[in-house]
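The shown structure was predicted, so the numbers you read here are calculated from the model rather than taken from an experiment. The basis for the numbers below is simple: all heavy atoms, side chains too, and nothing from hydrogens, waters or symmetry mates.
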Amino acid sequence: MSNKIWLVVQREFATRARKKSFIIMTILMPFLMAGLIFLPLLLSLIKDSEQRTVAVVDNSGLYSSAIKSNEQYLFVPTENMTPDMRSDSTDVYAVVNITGDLVEHPTKAAIYSRQEVPSDLRDYVNSALTEAVRQEKFRRYNIPELNNIIDDIQQTVDVATVRWTDEGEQESLTDVATLVGMILTFLIYMFVLSYGAMVMQSVIEEKTNRIVEVMVSSIKPLQLLFGKIIGVGLVGLFQMLIWGLLLSSIVGIITAVTGIDVGADPATAAAATDDGAMELFNQLATLPIAEIVILFVLYFIGGYLLYASMLAAFGAAVNDQQDSGQFMMPVMLVMVFAFYAGFYGAQNPEGPLAFWTSFIPFTSSIVMMVRIPFGVPFYQIAISVATLYATVFAMLWVSAKIYRIGILIYGKKPSFKDFYKWLRY
């Protein structure tokens, strides 16, 4: 790296890292992310302390005993549904009215309330009555041990999934591989989208303020372009590193203080232990970690350079932020397509969608990271990486040609025909 490019990198990094908006977002974002993680979980653990009374009117006399009270609802068998139950002053929150034999007439049950019936009450009553009807049917068939026979027939089979490797056999961890792939794909997508747009904005600002006219008098446009792309990229990596450290610390502190495991089911989160974390760690250890890390870095850098160079060229060609929309929209559509291709490709990593988009340079950096944890043949990885970086170098050359002309042109909205002319200069 030449001294002039390094000077641009330093300037770009220092200028952006010292901005108040950058400092505020760098510090605030981990707290917002931690809030998004823990707040819904904490709210889900808060239960209503008031036990609501629900009257059960069972004209059949068969099912009222099957609806047991729980922490939220007190089910009280009642002979009749009276008008008082409909008044605002009643203590009865709802009424379960069973008007007939549910074995013969499954629709002879309803829940009445002055308010919208909560889904948890509806589901609980449905489940209790379904089991009661099931038991009543078993009794009426009068077949000895029928209940046990049905339970035995309905026993599920849990099929083990095993991968053959050079070291032998190991458990196939589809869910863990999918989770890792989606996290890495999301990181690349967000980084490329956010900081690629930041490169474009930086170029437009300097062109609008006419600062670039002074800068190109002492540095080549190509050096300025490369320095800007590298500088913004380092700013992004620095910010993401701080986010990762702060978020890990915040999550660790909240977990230690509250005892809540973010990976646990809300019903058991408060009583979670370290066993789940240890099991997850052991499962992650079976993945090809070294290969995943190396390829993540390659696709991370390749995807950023590809889109940042393209957006920098577009930024140099337009006159203000409003004009950039006509060029930003196609880039956004391609990136959104790549993200959804990766999202749906995670369900079938070897399917046509994930397979072919992992070789297209504009989508491979996002989609391929979904496939890597599942294991991808070396020749496919080699073709994908080689195609990506060949396109990166070609795009850098094209962007440099457009950048050196467009950065000094004002007052005219360029078209793709103008871009073609600039490439021929």
A.B. asks: Return the orientation label for the Y93 and Y73 ring planes: parallel under 30°, perpendicular over 60°, tilted otherwise.
C.D. replies: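 Y93 vs Y73 ring planes: tilted.
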
A.B. asks: Look at the side chain of Y299 and the backbone N and O of V367, then say whether any donor-acceptor pair between them is shorter than 3.5 Å.
C.D. replies: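 Side chain of Y299 to backbone of V367: no pair is present.
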
A.B. asks: Check A132 against Y63 and note the closest heavy-atom contact, atom names and distance.
C.D. replies: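 The pair with the smallest heavy-atom distance is CB-CD2, 3.8 Å.
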
A.B. asks: Examine distances only and state if a side-chain atom of T185 and a backbone atom of I366 form a donor-acceptor pair shorter than 3.5 Å.
C.D. replies: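 Answer holds: yes.
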
A.B. asks: Would one find more than 12 heavy atoms of other residues, nucleotides or ligands at under 6.0 Å from atom CZ of F238?
C.D. replies: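 Open: at most 12 neighbouring heavy atoms sit under 6.0 Å from CZ of F238.
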
A.B. asks: Surrounding CZ of R134 (heavy atoms of other residues, nucleotides or ligands, distance under 6.0 Å), is the total greater than 12?
C.D. replies: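 Counting neighbours around CZ of R134, more than 12 heavy atoms of other residues, nucleotides or ligands fall under 6.0 Å, so yes.
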
A.B. asks: Are the aromatic rings of Y304 and Y195 close, with centres under 6.0 Å apart?
C.D. replies: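 No, the ring centres sit 6.0 Å or more apart.
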
A.B. asks: Check for me whether the distance between the ring centres of F343 and Y189 falls short of 6.0 Å.
C.D. replies: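 No, ring centres 6.0 Å or more apart.
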
A.B. asks: For R114, does its backbone N or O pair with a side-chain atom of R86 as donor and acceptor, under 3.5 Å?
C.D. replies: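 Looks like no, no N/O pair under 3.5 Å.
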
A.B. asks: Nearest heavy-atom pair of K68 and Y124: which atoms, and what distance?
C.D. replies: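 Residues K68 and Y124, closest heavy atoms: O-OH, 2.6 Å.
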
A.B. asks: What are the two closest non-hydrogen atoms of T90 and S87, and how far apart are they?
C.D. replies: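 Shortest heavy-atom contact: CG2-O, 3.0 Å.
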
A.B. asks: In Å, rounded to the nearest 0.5 Å, how long is the span from OG1 of T78 to CE of M85?
C.D. replies: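 One finds 4.5 Å between OG1 of T78 and CE of M85.
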
A.B. asks: Please step through side-chain contact (heavy atoms from CB on, under 4.5 Å) for the pair V117 and Y112, ending with a clear verdict.
C.D. replies: CA-CA 8 Å; V117 178; Y112 296 87; over 6 Å; no

A.B. asks: For S127 and D123, indicate whether the former's side chain and the latter's backbone hold a donor-acceptor pair under 3.5 Å.
C.D. replies: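 Judged by distance alone, no pair lies under 3.5 Å.
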
A.B. asks: Tell me if the CZ atom of F13 is crowded by more than 12 foreign heavy atoms within 6.0 Å.
C.D. replies: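 Counting other residues, nucleotides and ligands, CZ of F13 exceeds 12 neighbours.
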
A.B. asks: Which distance, rounded to the nearest 0.5 Å, do you find between the CG of L298 and the CD1 of I372?
C.D. replies: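 L298 CG to I372 CD1: 10.0 Å, rounded to 0.5 Å.
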
A.B. asks: Could you tell me whether the side chain of Y307 and the main chain of F362 form a donor-acceptor pair under 3.5 Å?
C.D. replies: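 Yes, Y307 side chain to F362 backbone: donor-acceptor pair under 3.5 Å.
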
A.B. asks: Within a reach of under 6.0 Å around NZ of K19, are more than 12 heavy atoms found that belong to other residues, nucleotides or ligands?
C.D. replies: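 Yes - once you tally the heavy atoms of other residues, nucleotides and ligands closer than 6.0 Å, there are more than 12.
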
A.B. asks: Given 3.5 Å as the limit, does a donor-acceptor pair link the side chain of S69 with the main chain of F75, or not?
C.D. replies: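 The answer is yes, because a donor-acceptor pair under 3.5 Å joins these two groups.
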
A.B. asks: Taking the ring of F300 and the ring of F191, is the distance between their centroids below 6.0 Å?
C.D. replies: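 Yes.
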
A.B. asks: If you compare all heavy atoms of M310 against all heavy atoms of V331, which two are closest, and at what distance to 0.1 Å?
C.D. replies: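 For M310 and V331, the tightest heavy-atom pair comes out as CE-CG2, 4.1 Å.
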
A.B. asks: Is D91 atom CG crowded by more than 12 heavy atoms from other residues, nucleotides or ligands, each under 6.0 Å away?
C.D. replies: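 Result for CG/D91: open.
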
A.B. asks: Start with the C-alpha distance between V392 and S309, add both sets of side-chain angles, then the distance that settles side-chain contact (heavy atoms from CB on, under 4.5 Å), and finish with yes or no.
C.D. replies: CA-CA 8 Å; V392 167; S309 59; 5.9 Å; no

A.B. asks: Could you point out which residue of V199, V9, V203 forms a side-chain contact (heavy atoms from CB on, under 4.5 Å) with V232?
C.D. replies: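 Of all the options given, the one that passes is V199.
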
A.B. asks: With the side chain counted from C-beta on, respond yes when L306 and S365 share a heavy-atom pair under 4.5 Å apart, and no when they do not.
C.D. replies: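 No, side chains not in contact.
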
A.B. asks: What is the distance from atom CD of Q380 to atom CZ of F355, rounded to the nearest 0.5 Å?
C.D. replies: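 The distance works out to 4.5 Å.
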
A.B. asks: Give a yes or no answer on whether the side chain of D58 reaches the backbone of L62 with a donor-acceptor pair at less than 3.5 Å.
C.D. replies: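 Answer holds: yes.
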
A.B. asks: Run the side-chain contact (heavy atoms from CB on, under 4.5 Å) check on M368 and L295 step by step: do they pass?
C.D. replies: CA-CA 9 Å; M368 185 58 98; L295 291 176; over 6 Å; no

A.B. asks: Do T82 and N80 pass the side chain to side chain donor-acceptor pair (under 3.5 Å) test, and can you show the C-alpha distance, the side-chain angles, and the key distance before you say yes or no?
C.D. replies: CA-CA 6 Å; T82 63; N80 298 301; over 6 Å; no

A.B. asks: How far does CZ of F337 sit from OG1 of T357, to the nearest 0.5 angstrom?
C.D. replies: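 F337 CZ to T357 OG1: 6.0 Å, rounded to 0.5 Å.
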
A.B. asks: Evaluate the side-chain contact (heavy atoms from CB on, under 4.5 Å) criterion for residues L7 and Q10: first the C-alpha distance (whole Å), next the side-chain angles of each, then the deciding distance (0.1 Å), finally the verdict.
C.D. replies: CA-CA 5 Å; L7 289 174; Q10 288 180 313; 3.7 Å; yes

A.B. asks: Working to the nearest 0.5 angstrom, can you tell me the gap between W243 CH2 and F31 CZ?
C.D. replies: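 Spacing of CH2 (W243) from CZ (F31) equals 14.0 Å.
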
A.B. asks: Taking CZ in R140 as the centre, count heavy atoms belonging to other residues, nucleotides or ligands within less than 6.0 Å. Is the count above 12?
C.D. replies: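 Yes, CZ of R140 has more than 12 neighbouring heavy atoms, counting only those of other groups under 6.0 Å.
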
A.B. asks: How far does CD1 of I23 sit from CG of L28, to the nearest 0.5 angstrom?
C.D. replies: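 Nearest 0.5 Å value for the CD1-CG distance: 13.0 Å.
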
